[in-house]
Amino acid sequence: MSTSNDDFLLFDRRILDNESLNGRDKLVLIVLSNTHTISYSDLAKKIGTTRPTAIAAVRSLESKGFLKHSRSNKENKERSSTNKYFVTI
């Protein structure tokens, strides 16, 4: 069995050990630790939920101080903007 670097996720163990975070919050932080630029729709697909739930999770993590994000400028008006995330745990 061969593996590549894409087969593994790296994240701060403090994410798993933090008892103040629920399972959804931990999963969001793990995904965002490895994918810093992602749309809400793609984040929702990765964590197996809806777009509104993904947005709520990001906002909750921001309010708790575990996450910061910025919106990229729209390069093409037809394309939606993408969020850039910074895990601050």
Side-chain angles (χ1 to χ4, degrees):
M1 176 179 195
S2 67
T3 60
S4 70
N5 289 337
D6 293 337
D7 293 335
F8 301 95
L9 295 176
L10 297 175
F11 59 91
D12 192 319
R13 181 150 190 95
R14 293 177 290 178
I15 293 171
L16 292 179
D17 295 340
N18 191 316
E19 294 180 8
S20 71
L21 297 170
N22 64 35
R24 180 193 65 197
D25 290 345
K26 290 178 182 184
L27 188 55
V28 168
L29 288 173
I30 290 169
V31 169
L32 297 179
S33 292
N34 289 277
T35 307
H36 300 288
T37 303
I38 190 170
S39 68
Y40 286 128
S41 296
D42 288 341
L43 175 61
K45 287 177 190 174
K46 285 189 178 282
I47 65 172
T49 191
T50 64
R51 186 177 184 274
T53 300
I55 293 169
V58 167
R59 289 182 179 160
S60 171
L61 289 166
E62 283 182 297
S63 71
K64 295 176 185 175
F66 292 110
L67 187 65
K68 291 183 181 181
H69 97 276
S70 64
R71 212 159 230 223
S72 67
N73 294 331
K74 291 183 179 182
E75 296 173 9
N76 181 346
K77 290 184 180 183
E78 294 176 15
R79 196 175 125 207
S80 62
S81 62
T82 301
N83 299 299
K84 188 166 188 171
Y85 299 94
F86 305 94
V87 175
T88 58
I89 194 163

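Note: hydrogens, waters and symmetry copies are ignored here, and every other heavy atom, side chains too, is used.
- Residues E62 and H69 share a closest heavy-atom pair of OE2-ND1, 2.6 Å.
- In this structure, the side chain of K84 does not engage the main chain of S70 through any donor-acceptor pair within 3.5 Å.
- Minimum heavy-atom separation, A54 to T49: N-CG2, 4.1 Å.
- Tested against R24 for a side chain to side chain contact (heavy atoms under 4.5 Å, CB included), the candidates L61, T53, L29 yield a single pass: T53.
- Looking only at side-chain heavy atoms (C-beta outward), F66 and I15 stay at 4.5 Å or farther from each other.
- Taking each heavy atom of K26 and L16 in turn, the nearest pair found is NZ-O, 2.9 Å.
- To the nearest 0.5 Å, atoms CG (D12) and CD1 (I30) are separated by 10.5 Å.
- Considering every non-hydrogen atom in both G65 and T88, the closest pair reads O-OG1, 2.6 Å.
- Note: F11 CZ to L32 CG = 13.0 Å, rounded to the nearest 0.5 Å.
- For the pair K64 and D25, the tightest heavy-atom approach, listed with the atom from each and the gap, is NZ-OD2, 3.2 Å.
- You'll find the side chain of L43 reaches within 4.5 Å of the side chain of V58, heavy atoms only.
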